[in-house]
Amino acid sequence: MPEGDSVVRVARRLDAALAGQVLVRGELRWPNLGGTDLAGVAVVGNATHGKHLLTRLADGRTLHTHLRMEGRWRVVRTTDLAPRGTSRADRSPQVRAVLATAGWTCLGFDLGLMDLVPTRDEHLVVGHLGPDVLAPELDVPAAGGRILAQGARGIGEVLLDQTVVAGLGTIYMTETLWALRVWPWAPAGQLGDDVAEGLVRTSRALMLRSVEARTPTATGDTRRPSSVFGRDRRPCPRCGTPVARAEVGTAPTARRVFYCPSCQRAP
């Protein structure tokens, strides 16, 4: 699943194509939004909260989308969608949203969630989330306090809970815990202020490094550097111990975690 850094990069790409421009085409291929036509509406800009994308429109509405596991946005020149038979990308049954200006067309493939709400009511779709780790105004001590308030819950599970802090997925949970030598199942409430705040600062720093990277892949994302994620049985770059793989949380929401049994020992 894309994490907060990926969504910020998507927002920037969509801004470059749409912000300040009037849509010449705006189709939402979603069960309860199929009759919506956004043509003629200007795009104010794109914002994010954790893994959620908020496309704000000049008519006072916000298009709220989430990539879930398979979603992606593709930006193409509008002229590239001139009639070419059935091969046109915008005709794909996987496309859930088409937002186009005279110059650029943004295609939302396999989006996992879509709402169109008054901008003043954005809190109805993202208000249940914890503070965004990448938000410029992030209050680190307050975010750390939310982690400590989780008590006996394992810290790996807690960092993935978007209602505690928003934006982290399995990659940044794994890399953050390894960076601070924290055992993935350590009770969150026993970590102490310094460690809890350190987890917030470290995850934020790692994600910002990805956001600002200049090495995009063919899909427009970046290749994140990995110390332990996806490297089970390979040597820990810090001590050489083989990296282990396990799970945090409980079924059906358990998620994989990679850790060093030596650097991240159980307390």
Side-chain angles (χ1 to χ4, degrees), residues 1-9 50-51 130-135 138 140-162 164-217 221-250 253-267:
M1 177 183 291
E3 305 194 24
D5 61 324
S6 298
V7 181
V8 170
R9 294 181 67 85
K51 303 178 184 180
D132 183 354
V133 172
L134 288 176
L138 177 67
V140 173
R146 294 174 66 90
I147 290 173
L148 294 174
Q150 297 303 303
R153 291 180 71 193
I155 186 57
E157 178 185 3
V158 167
L159 291 180
L160 294 177
D161 186 340
Q162 302 299 296
V164 180
V165 290
L168 279 74
T170 55
I171 296 175
Y172 287 110
M173 175 271 292
T174 288
E175 294 295 317
T176 298
L177 294 176
W178 178 82
L180 294 188
R181 301 173 181 259
V182 176
W183 190 51
W185 301 272
Q190 297 179 17
L191 294 176
D193 291 342
D194 290 346
V195 174
E197 292 177 23
L199 291 171
V200 176
R201 290 193 178 93
T202 300
S203 61
R204 177 181 174 85
L206 291 173
M207 295 173 78
L208 284 174
R209 186 184 306 166
S210 171
V211 167
E212 300 302 334
R214 292 293 182 264
T215 55
T217 66
D221 204 349
T222 56
R223 296 195 184 280
R224 305 177 178 103
S226 171
S227 296
V228 289
F229 184 84
R231 297 171 62 88
D232 47 315
R233 297 190 297 276
R234 298 175 66 180
C236 167
R238 192 161 47 207
C239 73
T241 301
V243 170
R245 173 177 173 169
E247 289 187 344
V248 294
T250 57
T253 59
R255 294 292 182 267
R256 59 181 175 169
V257 63
F258 300 85
Y259 69 104
C260 173
S262 294
C263 294
Q264 298 168 263
R265 293 181 180 176

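Nothing here was measured: the structure is a model prediction, and the numbers come from that model. Values reported hereafter were calculated over all heavy atoms of this structure, with side chains retained and with hydrogens, waters and symmetry mates removed.
With rounding to the nearest 0.5 Å, the separation of CE in M173 from CG in L160 is 4.0 Å. Between the CZ atom of F229 and the CD1 atom of I171 there is a distance of 4.5 Å, given to the nearest 0.5 Å. Atom-to-atom distance recorded for E212:CD and R9:CZ is 8.0 Å, nearest 0.5 angstrom. From E175, atom CD reaches atom OG of S203 across 12.0 Å, with rounding to the nearest 0.5 Å.
Nearest approach of Q264 to V182, heavy atoms of both residues: NE2-O, 2.9 Å. Closest approach of C263 and C236 over heavy atoms only: SG-SG, 3.8 Å. The minimum heavy-atom distance between L134 and R204, with the atom names listed, is C-NH1, 3.4 Å. Of all heavy-atom pairs between V243 and F258, the closest is CG1-CB, 4.0 Å. In plain terms, the two heavy atoms of P242 and P261 that are nearest each other are O-CD, 3.4 Å. Here the closest non-hydrogen pair linking G156 and V248 is C-CG2, 4.0 Å.
Of the possible donor and acceptor atoms, one in the side chain of E3 sits under 3.5 Å from a partner among the backbone N and O of G169.
The shortest side-chain heavy-atom distance between L177 and L159 falls under the 4.5 Å cut-off. Side chains of L168 and M207 form a contact here, defined as non-hydrogen atoms less than 4.5 Å apart. In this structure, the side chains of P237 and W178 come closer than 4.5 Å at one or more pairs of heavy atoms. Looking at T202 and L199, their side chains never come closer than 4.5 Å, going by heavy atoms from C-beta outward. Counting only heavy atoms from C-beta outward, the side chains of V133 and Y172 never approach each other to under 4.5 Å.
With sequence neighbours excluded, the residues satisfying side-chain contact (heavy atoms from CB on, under 4.5 Å) with V200 are L138, V140, A143, I147. In this view, A135 and D132, E137 satisfy the side-chain contact (heavy atoms from CB on, under 4.5 Å) rule, not counting sequence neighbours. Evaluation of the side-chain contact (heavy atoms from CB on, under 4.5 Å) rule for L148 yields L191, D193, A196 as partners, not counting sequence neighbours. Residues that satisfy the side-chain contact (heavy atoms from CB on, under 4.5 Å) test with A166, not counting sequence neighbours, are H49, L129, Q162. W183 pairs by the ring pair (Phe, Tyr, Trp, His ring centres under 6.0 Å) definition with W185, not counting sequence neighbours.
Sorted by first and then second residue, the salt bridge (charged side-chain N to carboxylate O under 4.0 Å, His left out) pairs involving residues 142-160 (not counting sequence neighbours) are R153-E157, R153-D161. Residue pairs meeting the ring-ring contact (aromatic ring centres under 6.0 Å, His included) criterion with at least one partner in residues 141-162, sequence neighbours excluded, do not occur; the list is empty. The stretch residues 232-247 participates, sequence neighbours left out, in these side-chain hydrogen bond (donor to acceptor under 3.5 Å, both in side chains) pairs: T241-S262.
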